[in-house]
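The structure appears right after this line, and notes come after that.
Since the structure is predicted, the reported quantities are computational estimates derived from the model, not experimental observations. Note: hydrogens, waters and symmetry copies are ignored here, and every other heavy atom, side chains too, is used. Naming convention: chains lettered A, B, ... in sequence-line order (proteins, then strands); numbering from 1 in each chain.
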Protein chains: 2
Amino acid sequence: MTESDFVRVKRSRVHEDIVQQMTQLIKDGKLRPGDKLPPERELAETLGVSRPTLRNALRVLEGLRMIESRQGDGTYVSQANFEQLVAPLAAVLSTRAFLVKDILELRQIIEPPIAERAALKARPEDIEELESILAVQAKKAGEGLETAEEDTRFHYAIAEATGNQMVVHLIDLVMSLLGEVRASWLQVPDRREVSLAGHRAILNAIKARDQAAASQTMKEHIERIGQAIETQL
Amino acid sequence: MTESDFVRVKRSRVHEDIVQQMTQLIKDGKLRPGDKLPPERELAETLGVSRPTLRNALRVLEGLRMIESRQGDGTYVSQANFEQLVAPLAAVLSTRAFLVKDILELRQIIEPPIAERAALKARPEDIEELESILAVQAKKAGEGLETAEEDTRFHYAIAEATGNQMVVHLIDLVMSLLGEVRASWLQVPDRREVSLAGHRAILNAIKARDQAAASQTMKEHIERIGQAIETQL
DNA sequence: AATGGTGTAGTGGTTAAACCAATTGGTATC
DNA sequence: GATACCAATTGGTTTAACCACTACACCATT
């Protein structure tokens with residue numbers, strides 16, 4: 001027997017045990033989104049712990065959007081959608097400085113095939129949505145207004161055009177990671193025309209159902225923007 | 001003035017305000033990973049709130065892995081890595097049933113270009129790592145053992161070969177979303193040979209620095225597995 | 001010098017009790 | 001039926017006390 005046969009003993013905390021228990025109940029389907037939990041006083045008694053200890057556990061679960069407490073009403077298993085579930089992580093990640101270079105490269109890797117899939121799968125209403133966003137973007141750029149919102153919406157709409165919700169959530173997460181870097185880049189007026197031109201080319205390829213062109217135009221667009229952002233840093 | 005000019009008033013809770021404040025301090029760099037926070041009793045006094053209320057806020061932050069409390073020592077700003085930051089989300093998502101179809105499609109979209117990038121960027125040690133994993137996988141498959149771990153490591157190692165940390169984290173997240181579905185698929189013995197053969201073809205393409213072949217072999221591999229998993233559901 | 005034992009101070013973890021704030025449901029009134 | 005009021009219930013916060021653990025300092029033994 002060697003020293004490495006011994007493992008550090010992990011102390012459990014009461015409120016963490018409660019979190020575990022609740023998570024498992026939800027995972028097992030015994031508690032479902034929308035279900036109301038017993039009142040805190042009752043649940044604390046059932047669990048054999050003090051109410052503040054239970055509340056510590058509930059705060060953890062609430063921070064993770066797994067439950068929702070309403071004063072005067074009760075505590076419910078959350079019906080949060082994916083976006084709401086991801087929001088805490090996005091907030092946490094925004095406190096960290098990640099390599100912008102890596103994020104930009106990730107975009108270069110994933111957005112061309114996403115555009116390609118959009119060219120394959122877009123429905124007429126998806127195309128209309130893209131055209132509508134582009135029109136607003138053009139109008140605002142023409143008036144010297146800020147277009148970061150349209151830029152985001154355009155990429156988001158391409159993801160939507162794939163008809164795949166996970167792709168949409170992924171783009172959402174990537175965009176939030178880049179956060180303010182893109183926004184500040186778009187503040188410079190002549191760059192808005194670059195963004196607009198890139199978007200136009202992408203949209204034309206998608207409209208034409210030309211998968212290779214969609215991939216290529218998106219690739220060029222992301223590279224152009226990526227280079228400019230890196231120069232700016 | 002119309003009714004729509006009025007906006008619902010959002011009540012703030014004290015402990016949520018504290019979470020906001022702490023998050024902002026971390027985001028602004030005024031609190032850095034590894035920094036020690038003042039003792040709870042002192043901090044509660046400074047903030048002008050009760051200690052249980054502060055503790056509620058700290059539980060939220062701890063649940064999000066932003067801080068770490070050590071009994072008898074103190075509370076620190078967390079030095080958690082990306083994987084640890086993502087873990088709570090992965091746990092939450094595991095309580096939800098997401099469309100396996102969408103996740104598999106997402107893999108079909110992103111893993112071929114990732115393999116392509118790996119063929120471009122892999123260093124000798126990356127190739128060695130892939131070969132090593134494949135050898136272990138082959139050995140275990142040959143002995144009728146379970147190979148889910150090697151399967152995961154192989155895809156992870158391809159992401160590593162891109163040299164892009166965000167790509168690695170993304171693959172990590174996607175794999176955890178698929179969780180047990182892949183594992184159960186690999187339990188069936190003859191499927192291990194399919195997985196092994198697919199991995200071999202991908203590795204050969206990467207070794208040959210053949211980007212197109214890497215993309216193509218990965219595409220076929222993911223499609224083959226995806227179809228089988230969907231059939232199983 | 002290295003190891004083991006003890007004590008103290010400080011810090012987080014839990015409990016108990018009280019009070020405050022918000023929501024919901026029931027009842028009375030018009 | 002619509003509105004107002006009230007009581008009960010529920011979550012939110014505060015105060016106080018005690019428990020459990022850690023870090024550190026000091027001393028004794030080998």
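- For the pair A/Lys36 NZ and D/dT10 C1', the computed distance is 8 Å after rounding to whole Å.
- Between the side chains of B/Arg59 and B/Ser69, a donor-acceptor pair is found at a separation under 3.5 Å.
- At the heavy-atom level, B/Arg70 lies under 4.0 Å from the strands shown only through sugar-phosphate atoms.
- The CG atom of A/Asn56 sits 8 Å away from the P atom of C/dG13 (whole-angstrom rounding).
- For D/dG11, the base has a donor-acceptor partner in the side chain of A/Arg41 [N/O atoms by modelled type, under 3.5 angstrom].
- At whole-Å resolution of the value, CG in B/Leu43 and C1' in C/dG13 are 17 Å apart.
- If you measure from atom CD of A/Glu45 to atom P of C/dA17, you get 12 Å, rounded to the nearest angstrom.
- Taking the side chain of B/Ser50 as heavy atoms from C-beta on, and the options D/dT15, D/dG12, D/dA20, the nearest nucleotide is D/dT15.
- The distance from atom CD of A/Glu42 to atom P of D/dT9 is 12 Å, rounded to the nearest whole Å.
- Using bins of under 30°, 30° to 60° and over 60° for the plane-to-plane angle, the ring pair B/His155/B/His199 lands in the perpendicular bin.
- If you check C/dG13, C/dT14, D/dT14 against the side chain of B/Pro52, the one that comes closest is D/dT14.
- Residue order along DNA chain C, read from the 5' end via each residue's closest nucleotide, puts B/Gly74 first among A/Val14 and B/Gly74.
- Checked against C/dA16, C/dG12, D/dG11, the side chain of A/Pro39 finds its nearest nucleotide in D/dG11.
- The phosphate of D/dT13 has OP1 or OP2 within less than 4.0 Å of a side-chain N or O from B/His15.
- No hydrogens or angles considered: a donor-acceptor pair under 3.5 Å links the side chains of B/Asp28 and B/Gln24.
- Comparing D/dT14, D/dT10, D/dT22 by their closest approach to the side chain of B/Thr53 singles out D/dT14.
- Contact annotation: B/Arg55 does not reach the phosphate of C/dG12 (side-chain N/O to OP1 or OP2, under 4.0 Å).
- A/Lys140 has no carboxylate O lying under 4.0 Å from a charged side-chain N of A/Glu143, or vice versa, which leaves the two without a salt bridge.
- The side chain of B/Glu40 lies closest to C/dG13 when the candidates are C/dG13, D/dA23, D/dG11.
- Straight-line distance from the CG atom of A/Leu54 to the P atom of D/dG11: 9 Å, rounded to whole Å.
- Taking atom CD of residue B/Glu68 and atom P of nucleotide D/dT22, one finds them 13 Å apart after rounding to whole Å.
- Taking side-chain N and O atoms only, A/Arg13 has a distance below 4.0 Å to OP1 or OP2 of C/dG13.
- With salt bridges taken as basic N to acidic carboxylate O contacts below 4.0 Å, one links A/Glu105 and B/Lys121.
- Taking atom CG on A/Asp73 and atom P on C/dT24, their separation rounds to 5 Å, with Å as the unit.
- Listed pair A/Thr75 / D/dG11 meets the phosphate criterion, a side-chain N or O lying under 4.0 Å from OP1 or OP2.
- With hydrogens and angles ignored, a donor-acceptor pair under 3.5 angstrom links the side chain of A/Arg51 to the base of D/dG12.
- Remark: B/Glu45 does not engage B/Arg51 in a salt bridge, criterion side-chain N to carboxylate O under 4.0 Å.
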